[in-house]
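By convention in this document, chain letters (A, B, ...) are assigned in the order of the sequence lines, proteins followed by strands, and residues within each chain are numbered from 1.
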There are 4 protein chains.
Amino acid sequence: MSADKREQILDAAEELFGHLGFEGTSIRALSLKASVNIAMVSYYFGSKEKLFQAMVERRAGATTMALKFINAKEHDPWKKIELVIDHYVDKIFGNVGFQRIMYRELSLDQRGWITEAIMDIILQNTREMSSIIEEGIKKKIFRKVDAELTVVTLVGTISKLTLCSNLSCRMIGDKGTKASITDETNKKRVKKHMHDLMKAHLTPALKG
Amino acid sequence: MSADKREQILDAAEELFGHLGFEGTSIRALSLKASVNIAMVSYYFGSKEKLFQAMVERRAGATTMALKFINAKEHDPWKKIELVIDHYVDKIFGNVGFQRIMYRELSLDQRGWITEAIMDIILQNTREMSSIIEEGIKKKIFRKVDAELTVVTLVGTISKLTLCSNLSCRMIGDKGTKASITDETNKKRVKKHMHDLMKAHLTPALKG
Amino acid sequence: MSADKREQILDAAEELFGHLGFEGTSIRALSLKASVNIAMVSYYFGSKEKLFQAMVERRAGATTMALKFINAKEHDPWKKIELVIDHYVDKIFGNVGFQRIMYRELSLDQRGWITEAIMDIILQNTREMSSIIEEGIKKKIFRKVDAELTVVTLVGTISKLTLCSNLSCRMIGDKGTKASITDETNKKRVKKHMHDLMKAHLTPALKG
Amino acid sequence: MSADKREQILDAAEELFGHLGFEGTSIRALSLKASVNIAMVSYYFGSKEKLFQAMVERRAGATTMALKFINAKEHDPWKKIELVIDHYVDKIFGNVGFQRIMYRELSLDQRGWITEAIMDIILQNTREMSSIIEEGIKKKIFRKVDAELTVVTLVGTISKLTLCSNLSCRMIGDKGTKASITDETNKKRVKKHMHDLMKAHLTPALKG
DNA sequence: AATGAATGAGCCTTCATTCAT
DNA sequence: AATGAATGAAGGCTCATTCAT
């Protein structure tokens, strides 16, 4: 059955591209991992590059329009920020592999055709975040901060943790434990830190 | 002259590895860029991997022990944080290419031997930062925050900006201008944001 | 319907083999041209080689026994030669594609099994021609020429024109016109030349 | 040494392309035949197609301007025709392999870039022949024949013999002997036939 | 009868590296 | 010290063919 093997290849691609990079992953290794014949990649996707593209698009479809829902709801900005942080951490921590692929690709000058696609995926979410902060500022509920860089801080903190998970594990301590950066304990800790940080950052200064 | 060609190769390596990745850079392209014979890479460095290692080590030497100086001085924690931010932004923004290489390498499972080396370089600095924050907390000058994750935030914000410079330019606005993320205006804006963020984040809450 | 698709494949084969050669024609291209499924070639013919064989045999059947009729009739040698030339030119000019395939195949050392089949087709006709000339010589109506090489001349002249049609167009002039080598005007010109040549070549020398 | 292996490859190319065709010849077979590493073809020529081109150009250089010499000399047209036939037969019979490659390539629609080059080589010679015949006609030494088609006859007869040597051997008899079409005996026979044919064809008719 | 999926061998090319000079 | 030539492995991809339905 077609759909089966196609998915096997896409899964293998996500894993291998994530760990070894595009150039570091051979079609032979891919077909071995997916337990399919080496010719199936060309058969289903046409080429290695098109497989990469298909893999990005598959994941992109599931990633987009995630935060719109939150922003649309009639919460006050504080609640929205809280929800956004929780949602974003859950989403990113739940899909570390693909995150790596996207950010690595953004840092390369190969395959320019995909940069735009990836940026669109990311910008869609960051713009939602920006608009929440700007709304809070306009309503005088938030302090007048640099909204765009605040989003960078939010996104950057979480990216840092997931992209360099080995490094992050060593940075945030618990040296003895071999816990993954994405386990529940860490997830809670990160959410708490982000809530705390945003609370302090966005709360207007007291008068007098 | 030996030293000359060695440096030419290392320069070419930094540029090409930065733009195309390790696997995406061929020794042929490297030797062309460096204007040396193709056999020189193996001749001087032994192999492509060892060239990579040499390039990392060259840059690492110039990068390490940068923040120790600040921490040693007898500033109060607030001043130290301020200095650290300015210094760190300057340093990272001044060497975007090598940053990319390091972080991309950390996200790959190829060449495990180098991960440790890179982590050491990074951890050296982040630990300095951590110790500043923890000192401030102990002295009750700073609020009792998650020191380690605060460092992640600091480092993550700046990494985000430099690693995905195209994306960042589109995130932080000034849509009309084609300004680089690392130009002076942006550098000042980033420093200001970080100062502002840390001020709000670390200032102890007023007593009731 | 079976017969239909078989013919479609054979037609496509004749065209593609003619233009691209046996090795240069892929089964994929073939099935696309014939608008049939890619598996049909193996299904109907067993293999690419057997399809080639079938195509040769189909055309061979229609080609053979063409000149026998002329030789059998009770014409005098001069009339026979005239008829043979006209008939041969008509036949060859009317089927340039297959001619190309045959002669190209004869010049290759691939697929030896088919060489014999093709040679039989060709020899059948050239022997008829030989026998006409030899009959004329025996009857002292023709000069004592090298009958076999005379046939080579006859056949070679026409082969040359059809096999390298682009070249021939440029050789026989009318530079301005983009006329095909096989159009009516050229056909008449070629027949006239061949009649003229054979007349001069075969007419016995005057005595005294 | 460079020149050595380059020549070995070109020699192997001429032989294998001649016998198996361009598509029918693999680089592996080529490198085996030439006793060089498989990567040397790309190293010296860049690609299979460029090797083909180089092979054609090498032979073309040696082939061109062969007949000009004859035409320039101050012979009468009869002597010139005689010399041309002898020279042409010698040349073509001495290089059957390359002839095959050229004519096969002319009959294919692959690699259009080379068709022009080959046609130039051939046309150079045929135009010399044409001019000789036309000169003879103008001087009333030759009969008023179709000069261009006469050249086609001349060239076509010889092409026929060399391109389909197996066939030709069976056409021109001596069935018992396994003699090559290009051996001395056959060469003489062909020259004699061509002289004889041209004599008869070009001699003006006697006046009444 | 007819097909889309699947196969493994082979294609040409480029790779990092080593050799002879 | 430095190089152009040479190597064998591996690269992505296409091939003719067969399988399961």
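With D:Thr25 contributing its side chain and D:Leu16 its backbone, the two residues share a donor-acceptor pair below 3.5 Å. Judged purely by atom type and a 3.5 angstrom limit, D:Gln110 uses its side chain to pair as donor or acceptor with the backbone of C:Leu20. Side-chain atoms of D:Ser42 do not come within 3.5 Å of backbone N or O of D:Ala39 as any donor-acceptor pair.
If C:Val41 and D:Met40 are placed on DNA chain F by their nearest nucleotide, the residue sitting closer to the 5' end is D:Met40.
F:dA1 atom C1' lies 7 Å from atom OH of B:Tyr44, rounded to whole Å. Look at CG on D:Leu30: it is 14 Å from C1' on E:dT13, rounded to the nearest Å. The nearest whole Å value for the distance from the CG atom in D:Leu51 to the C1' atom in E:dT13 is 14 Å. Between the P atom of E:dG10 and the CG atom of D:Leu20 lies a distance of 16 Å, rounded to the nearest Å. As rounded to whole Å, 17 Å separates atom P of F:dA1 from atom CD of B:Gln8. Computed from coordinates, the D:Asp4 CG to F:dG4 C1' distance equals 16 Å when rounded to whole Å. Protein atom CD1 of B:Ile9 is 10 Å distant from nucleotide atom P of F:dA2, rounded to whole Å. One atom, NZ of A:Lys50, and another, C1' of F:dC13, lie 12 Å apart when rounded to the nearest Å.
One finds no salt bridge joining B:Arg6 and B:Asp11 here, because no Lys/Arg side-chain nitrogen approaches an Asp/Glu carboxylate oxygen to under 4.0 Å. Using a 4.0 Å cut-off between charged side-chain N and carboxylate O, A:Arg111 and A:Glu23 make a salt bridge.
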Could you give me the CA-CA distance, side-chain angles and deciding distance for A:Ser107 and B:Arg104, then say whether side-chain hydrogen bond (donor to acceptor under 3.5 Å, both in side chains) is met? CA-CA 8 Å; A:Ser107 84; B:Arg104 191 186 305 131; 3.1 Å; yes

B:Leu163 vs A:Leu106, side-chain contact (heavy atoms from CB on, under 4.5 Å): CA-CA, chis, key distance, verdict: CA-CA 8 Å; B:Leu163 297 187; A:Leu106 283 183; over 6 Å; no

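Relative to the ring axis of C:Tyr44, C:Lys5 does not place its NZ or CZ within 45° and under 6.0 Å from the centre.
Residues B:Arg100 and B:Ser159 bring no donor and acceptor atom of their side chains to less than 3.5 Å of each other.
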Could I get a table of every N or O pair under 3.5 Å where one atom is in the protein and the other is in nucleotides 14-16 of chain F?
from	atom 1	to	atom 2	distance (Å)
F:dA16	OP1	C:Thr25	O	3.3
F:dA16	OP1	C:Lys48	NZ	2.9
F:dA16	OP2	C:Ile27	N	2.8

Once pairs are restricted to Watson-Crick or G-U wobble with both distances under 3.5 Å, how does DNA chain F read as a dot-bracket string, [ ] for crossings and | for other-strand pairs? .||||||||||||||||||||

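The phosphate of F:dG4 has neither OP1 nor OP2 within less than 4.0 Å of any side-chain N or O from D:Lys5.
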